Amino acid sequence: MSVRELVVLGTASQVPTRHRNHNGYLLRWDGEGILFDPGEGTQRQMLRAGVAAHDVNRICVTHFHGDHSLGLAGVIQRINLDQVPHEITAHYPRSGKRFFDRLRYATAYRETVALTEAPVDADGTLATTPAYRLEARRLSHPVESFGYRLVEPDGRRMLPERLAAHGITGPDVGRIQREGSLGGVPLEAVSEVRRGQRFAFVMDTRLCEGVHALAEGCDLLVIESTFLDADEPLAVEFGHLTAGQAARVARDAGVRHLVLTHFSQRYTDPGEFERQARAAGFEGELTVARDLLRVPVPKRR
């Protein structure tokens, strides 16, 4: 059975708290796992969340501030210790390769796993698989930062009433799906486009074109909201978003489920992030993330 869900490993920003670990997020997409921004303590959070090194197929780092990358050393060594049997690909800003290299080889260990580095240096498609297309967009932060977007290919939904009208039943349903037509009846006559699901991961950034491009039409958007709206000047200065800004992005992009995360330690009431997001006009499903939470990707429309 396919599973599509976000496993939240940590939700703090620069400083962790008693209740919030540094960043870390695993997206389960059917049989594949994509680990985003493993901050310090991610390996232990994986254990607590029931996530194994074998569950990771890709690692995507948005930028090289410590709360988004210091966990790389432990995660990579655990992947090798457990002798993960499949290749793992790591994406990160090319300008931060020296940081990636230092973290990858922070201490001595035995390399047993093929880890392929695929640095990002421009907007565009990073990988295409039968299950998804992985894209990157540049963000606006004091250091180079990229957000990531997963797009499932569109499929087709069979329409029973049209199949019946053309007398197509049983094994012939599968045949017309495979071959594109049957007895002069094109597939388009008995089906409709089933839009592929879309997921985006947007971390440390000011409002910019990349934020909107990543969020457009997403079923599930994970986005930083480091500050509350009253501290918007600080957000602009340090390259972050407020809860209201993130919610307006999601509202305008038609996002179905919004996940707010990456919270400053200065705030003690998580409910205020939800209140400000609703006040900004976002009416879809809304989650204020907490550590070890599991968030399912919304079912297709």
Side-chain angles (χ1 to χ4, degrees), residues 6-10 12-14 21-27 29 32-43 45-46 51 53 55-80 84 86-107 109 111 113-129 132-151 199-206 208 210-211 213-214 222-224 239-240 261-262:
L6 177 76
V7 182
V8 180
L9 303 172
S13 55
Q14 188 175 23
N21 196 75
H22 271 151
N23 283 276
Y25 311 83
L26 181 84
L27 177 67
W29 195 266
E32 188 166 337
I34 303 176
L35 179 64
F36 293 93
D37 279 7
E40 187 177 353
T42 291
Q43 184 182 178
Q45 292 296 94
M46 289 170 63
V51 173
D55 295 327
V56 178
N57 297 83
R58 291 184 189 273
I59 300 173
C60 294
V61 177
T62 59
H63 67 292
F64 284 100
H65 278 153
D67 53 321
H68 297 261
S69 62
L70 279 175
L72 273 168
V75 168
I76 290 174
Q77 290 189 26
R78 183 58 181 270
I79 286 168
N80 283 273
V84 171
H86 51 258
E87 180 182 8
I88 294 178
T89 303
H91 304 284
Y92 56 85
R94 187 181 297 277
S95 62
K97 178 169 174 52
R98 67 191 186 279
F99 301 123
F100 186 87
D101 289 345
R102 291 170 187 167
L103 290 163
R104 181 174 181 178
Y105 299 110
T107 66
Y109 66 98
E111 288 190 275
V113 177
L115 178 62
T116 299
E117 297 182 29
V120 185
D121 50 20
D123 293 355
T125 299
L126 304 178
T128 301
T129 76
Y132 61 81
R133 182 176 70 251
L134 179 65
E135 304 171 345
R137 292 291 183 277
R138 190 180 301 276
L139 299 175
S140 173
H141 198 52
V143 300
E144 187 172 48
S145 183
F146 285 91
Y148 297 95
R149 175 178 167 94
L150 212 73
V151 181
F199 166 88
F201 184 79
V202 180
M203 280 298 116
D204 298 16
T205 183
R206 304 174 183 90
C208 65
V211 173
L214 289 161
V222 180
I223 188 169
E224 70 119 311
H240 288 290
T261 188
H262 193 270

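These numbers come from a predicted model, not from an experiment.
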Might you work through the side chain to side chain contact (heavy atoms under 4.5 Å, CB included) test for L139 and D204, ending with a clear yes or no? CA-CA 8 Å; L139 299 175; D204 298 16; over 6 Å; no
Is there a side chain to side chain contact (heavy atoms under 4.5 Å, CB included) between H141 and H65? Walk through the geometry before answering. CA-CA 10 Å; H141 198 52; H65 278 153; 3.2 Å; yes
The test is side-chain hydrogen bond (donor to acceptor under 3.5 Å, both in side chains); show your working for T261 and Y25 and say whether it passes. CA-CA 10 Å; T261 188; Y25 311 83; 2.8 Å; yes
Between C60 and L27, is the side chain to side chain contact (heavy atoms under 4.5 Å, CB included) condition met? List the steps. CA-CA 11 Å; C60 294; L27 177 67; over 6 Å; no
Give the intermediate values and the outcome of side chain to side chain contact (heavy atoms under 4.5 Å, CB included) for residues V222 and V8. CA-CA 10 Å; V222 180; V8 180; over 6 Å; no
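If you look at H22 and H68, their ring centroids are not closer than 6.0 Å.
In terms of heavy-atom proximity, A118 sits nearest to H91 at O-ND1, 3.1 Å. Listed here is the closest heavy atom pair of R133 and T128: CG-OG1, 4.0 Å. The minimum heavy-atom distance between I59 and V56, with the atom names listed, is CG1-CG1, 4.0 Å. Across all non-hydrogen atoms, the minimal contact from L35 to P38 is CD2-CB, 4.1 Å.
Using a cut-off of 4.0 Å between Lys/Arg side-chain N and Asp/Glu carboxylate O, R138 and E144 are scored as salt-bridged.
Test Y132, F199, W29, F201 against I34 for side-chain contact (heavy atoms from CB on, under 4.5 Å) and you get one pass: Y132. Of the candidates T116, V75, N57, L115, I88 forms a side-chain contact (heavy atoms from CB on, under 4.5 Å) with just one, namely L115.
Ring geometry for F99 against F64 counts as tilted: the plane angle lies between 30° and 60°, on a 0 to 90° scale.
Atom NZ of K97 and atom CZ of R104 lie 7.5 Å apart (nearest 0.5 Å). Atom-to-atom distance recorded for L214:CG and F146:CZ is 10.5 Å, nearest 0.5 angstrom. Distance check, rounded to the nearest 0.5 Å: CG of D37 to OG1 of T62 gives 3.5 Å. Rounding to the nearest 0.5 Å places CG of L103 at 5.5 Å from CG of L72. From I76, atom CD1 reaches atom OH of Y105 across 8.5 Å, with rounding to the nearest 0.5 Å. Between L150 atom CG and L126 atom CG the span is 10.5 Å, to the nearest 0.5 Å.
Taking a 6.0 Å sphere around CD of E40, one finds it holds 12 or fewer heavy atoms contributed by other residues, nucleotides or ligands.
Side-chain atoms of R137 and R149, non-hydrogen and from C-beta on, never get closer than 4.5 Å to each other.
In this structure, Y148 contributes its side chain and V61 its backbone to a donor-acceptor pair below 3.5 Å. One N or O on the side chain of T205 and one on the backbone of S140 form a donor-acceptor pair closer than 3.5 Å. Using modelled atom types, one side-chain atom of N23 and one backbone atom of A12 make a donor-acceptor pair closer than 3.5 Å.
Pairs passing the salt bridge (charged side-chain N to carboxylate O under 4.0 Å, His left out) check and including a residue from residues 58-76, sequence neighbours excluded, read E32-R58.
A side-chain donor from one of H240 and E224 sits under 3.5 Å from a side-chain acceptor of the other.
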